[in-house]
Amino acid sequence: MSNHDYDIGIIGGGSAGLTIAAGAAQFGAKTLLIDKEDKLGGDCLHYGCVPSKTLIKTAHVYHLMKNASQFGLPRHEITPVDFRAVSNRIKSVIATIQKHDSVERFCGLGAKVEFGNAVFKNEHTISLNGKDITARSWVIATGSSPAIPTVDGLEQTPFITNREVFYLDSLPKSMIVLGAGPISTEMAQAFCRLGSEVTVIQRSGRILGKEDRDMADAVMQNLASEGVKYYLNTALLSVKDLGSMREITVKLKDGTTEIIRAEAILVALGREPNLKGLGLENAGVEYDGKGLKLDSRLRTSQKHIYGAGDVTGTYQFTHAAGYEGGVVLTNAILHLPRKADYTFFPWCTYTDPELANIGMNETAAREAGLNYTVWTEEFKMNDRGLTEGEGLGRIKLMLDRKEKPLGVQILGLHAGELIGEWVAALNGGVKLSALAGAVHPYPTLAEINKRVVGNYFSGKIFSDKVKKTLKFFFSLRGRACGIE
Ligand SMILES: Cc1cc2nc3c(=O)[nH]c(=O)nc-3n(C[C@H](O)[C@H](O)[C@H](O)COP(=O)(O)OP(=O)(O)OC[C@H]3O[C@@H](n4cnc5c(N)ncnc54)[C@H](O)[C@@H]3O)c2cc1C
């Protein structure tokens, strides 16, 4: 019998912490969940996935309204966006979801929730609001924060991050977005669609660095066609506050400098783990700038202290936090050794159209030194895409040398939903022939999944060898028509 106050204590009530607390309490463990804010839900609910996807939907509707004539509808005078109303919608969606993440719900499940800053005193004890609390196992699930670069003048200039961008009082007439990762790209498109003049500053020569170049370039071209201005290979030299405007000085690829002004600066240059102030040194827990140092069972250098979610520094997504939460539960509560396995890990960037991935893309396969083949199918060949007015994008199926799937990428309308079929197929070890033989309703976007597998098989099925064999057995006589 443990003489600790709790079987498990979880620091951080976001996606990872909530998963672990709900599971542990339901398994019958005496569970404590701590968050430093006065509400549960973490970044995803308050400053991440939920507000961003709500904003993206609003921006999409406004974009459709402005482009109604493309659908054969009458043109309308469209009035400018009242961002306060947009923000109110965001808040109301959050409030609805907040009920699932309420203290009452967790108490009902059997978990005690406390608010305050937890600091480790030793490997089993934390101090919280002046009290010492012990637990047999601890989980660090404190998430991440926007990384703020050291740039001349930035500290003295008001700028926004994901914590402020969804709660602005008015729509900025112009916005400089620093960085071109998934968050920056989603926000650049959404604000551009809502009516801001958006300029993206990116140090490297491309956007969405973890995606394949062809897919990322297609996203960028689409955003540029909607009005987003890109400065690639551009270094940020300094920032200045001009009162109602902000000014940045950048160095372009050719070495010249340029001054750009905008009403708002959004800093979205990556994330850093929230590990400062936790007293990890007192508990003997090792970490570096990327996050906690963990083994494959997500244990820190202290085997009874686990890490899950953005603090792991691996895949910084809500579904990764949830998955890692499950791995921690299995190890810490059920005491069954379970390793985290990211082989067929999916993710999606919610631009319009969306860019979704599962498993390896070409960039990852090349880095791993693998031989692979790529099979593609274009959305312009998908009837449903065309009826929806969305012919942009493609699917890429990557096979290894033994013709087993390495991964799939989809750029297209609702790609995040379409990747679901591959989540099931790849994790379930479904054969490509089963996917090729399956019937999809017509017309659906998901037919593209079957078509790309069909492209792989058609080379084999309609080969000269097969044709010759059929000719021999069934006396087939060949082409009835051909273009001269
Ligand atoms: C703009 C934006 C959009 C995003 N969109 C998506 C998306 O569409 N899909 C997706 O999968 N992911 C998305 N993400 C990422 C997603 O939000 C994170 O991966 C996810 O929230 C990580 O969960 P977590 O539990 O690790 O951290 P969090 O959800 O941030 O939770 C950490 C919690 O720990 C608390 N905490 C921190 N320090 C302490 C302390 N010392 N003591 C006590 N409590 C503490 C915090 O208050 C917080 O509640 C997005 C992120 C951003 C910023």
Side-chain angles (χ1 to χ4, degrees), residues 47-48 51-63 66 78-90 145-149 151-204 207-208 219-232 234-250 252 258-271 349-352:
Y47 313 107
S52 62
K53 269 74 257 181
T54 312
L55 178 78
I56 285 168
K57 177 67 188 184
T58 297
H60 180 64
V61 172
Y62 195 61
H63 177 73
K66 287 190 285 184
I78 306 292
T79 49
V81 166
D82 170 5
F83 200 80
R84 226 182 267 251
V86 174
S87 194
N88 284 341
R89 175 170 178 263
I90 292 173
S145 297
I148 309 300
V151 176
D152 184 24
L154 185 60
E155 221 174 289
Q156 297 78 40
T157 307
F159 62 86
I160 55 174
T161 67
N162 66 297
R163 289 188 76 91
E164 296 82 22
V165 70
F166 307 111
Y167 305 106
L168 301 173
D169 285 337
S170 59
L171 182 78
K173 283 200 181 64
S174 48
M175 183 186 271
I176 292 168
V177 178
L178 300 181
I183 296 173
S184 337
T185 305
E186 288 179 5
M187 291 302 100
Q189 186 177 40
F191 275 90
C192 175
R193 285 181 163 192
L194 290 172
S196 298
E197 264 174 44
V198 177
T199 306
V200 176
I201 309 294
Q202 168 69 347
R203 200 171 32 190
S204 75
I207 71 164
L208 299 172
V219 172
M220 190 177 79
Q221 276 153 23
N222 188 45
L223 264 67
S225 76
E226 290 186 12
V228 177
K229 207 166 169 193
Y230 279 96
Y231 281 76
L232 302 180
T234 299
L236 178 63
L237 297 181
S238 63
V239 180
K240 206 165 154 193
D241 183 15
L242 302 178
S244 59
M245 295 292 276
R246 328 279 169 232
E247 179 181 285
I248 63 168
T249 305
V250 293
L252 309 180
E258 193 170 317
I259 287 174
I260 304 166
R261 295 194 180 101
E263 218 174 274
I265 297 178
L266 173 67
V267 178
L269 288 161
R271 313 279 303 169
T349 300
Y350 297 89
T351 43
D352 179 17

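Everything numeric here is computed off the predicted structure, so don't read it as measured data. Nothing fancy with the numbering, it's 1 onward along the sequence.
- Distance alone, capped at 3.5 Å, is enough to place a donor-acceptor pair between the S225 side chain and the N222 backbone.
- Summarising the geometry, atom NZ belonging to K173 is positioned 9.0 Å from atom OG belonging to S244; distances are rounded to the nearest 0.5 Å.
- Under the 4.5 Å side-chain criterion, counting only non-hydrogen atoms from C-beta, I160 is not in contact with I265.
- Among residue pairs with one or both ends in residues 173-200, those qualifying as ring-ring contact (aromatic ring centres under 6.0 Å, His included) are F83-F191; sequence neighbours excluded.
- Of all heavy-atom pairs spanning S174 and A262, the tightest one is OG-CA, 3.3 Å.
- R84 pairs in a side-chain contact (heavy atoms from CB on, under 4.5 Å) with only one of the listed residues (D169, L168, L171), which is D169.
- Nearest heavy-atom pair, N162 versus L266, reported as atom, atom and distance to 0.1 Å: N-CD1, 4.4 Å.
- Counting only heavy atoms from C-beta outward, the side chains of I148 and T161 approach each other to under 4.5 Å.
- Atom CG of L55 and atom CD of Q189 lie 11.0 Å apart (nearest 0.5 Å).
- Electrostatic pairing of E263 and R246 does not count as a salt bridge here, judged by no charged N lying under 4.0 Å from a carboxylate O.
- For the pair P149 and L154, the minimum side-chain heavy-atom distance is below 4.5 Å.
- A heavy-atom distance below 4.5 Å is not found between the side chains of L178 and S184.
- Applying the side chain to side chain donor-acceptor pair (under 3.5 Å) criterion to R261, with sequence neighbours excluded, gives E247.
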Verdict with supporting geometry, L237 and V250, side-chain contact (heavy atoms from CB on, under 4.5 Å): CA-CA 5 Å; L237 297 181; V250 293; 5.8 Å; no

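- Contact check for E186 versus K53: side-chain heavy atoms found under the 4.5 Å cut-off.
- In summary, the side chains of E258 and Y231 do present a donor paired with an acceptor at a separation below 3.5 Å, with no hydrogens or angles considered.
- The existence of a salt bridge linking D152 and K240 is excluded, since no basic side-chain nitrogen approaches an acidic carboxylate oxygen closer than 4.0 Å.
- Geometric assessment of R193 against the ring of Y62 yields a negative cation-pi assignment under the 6.0 Å and 45° thresholds.
- With salt bridges taken as basic N to acidic carboxylate O contacts below 4.0 Å, none links K229 and E197.
- Between Y230 and I201, every side-chain heavy-atom pair lies at or beyond the 4.5 Å cut-off.
- In this structure, the separation between NE2 on H63 and SG on C192 is 9.0 Å, given to the nearest 0.5 Å.
- If you take CG on L232 and CD1 on I207, they are separated by 8.0 Å, rounding to the nearest 0.5 Å.
- With rounding to the nearest 0.5 Å, the separation of CD1 in I248 from OG in S238 is 8.5 Å.
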I260/I176 under side-chain contact (heavy atoms from CB on, under 4.5 Å): CA gap, chis, key distance, verdict: CA-CA 8 Å; I260 304 166; I176 292 168; 4.0 Å; yes

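- The ring-ring contact (aromatic ring centres under 6.0 Å, His included) analysis of residues 157-184, with sequence neighbours excluded, yields no pairs.
- Distance alone, capped at 3.5 Å, is enough to place a donor-acceptor pair between the S52 side chain and the G48 backbone.
- Contact annotation: the side chain of P182 approaches that of L208 to within less than 4.5 Å [non-hydrogen atoms, C-beta and beyond].
- The line from CG of L194 to CE of M175 is 9.5 Å long, rounded to the nearest 0.5 Å.
- Between the side chains of R89 and T58, a donor-acceptor pair is found at a separation under 3.5 Å.
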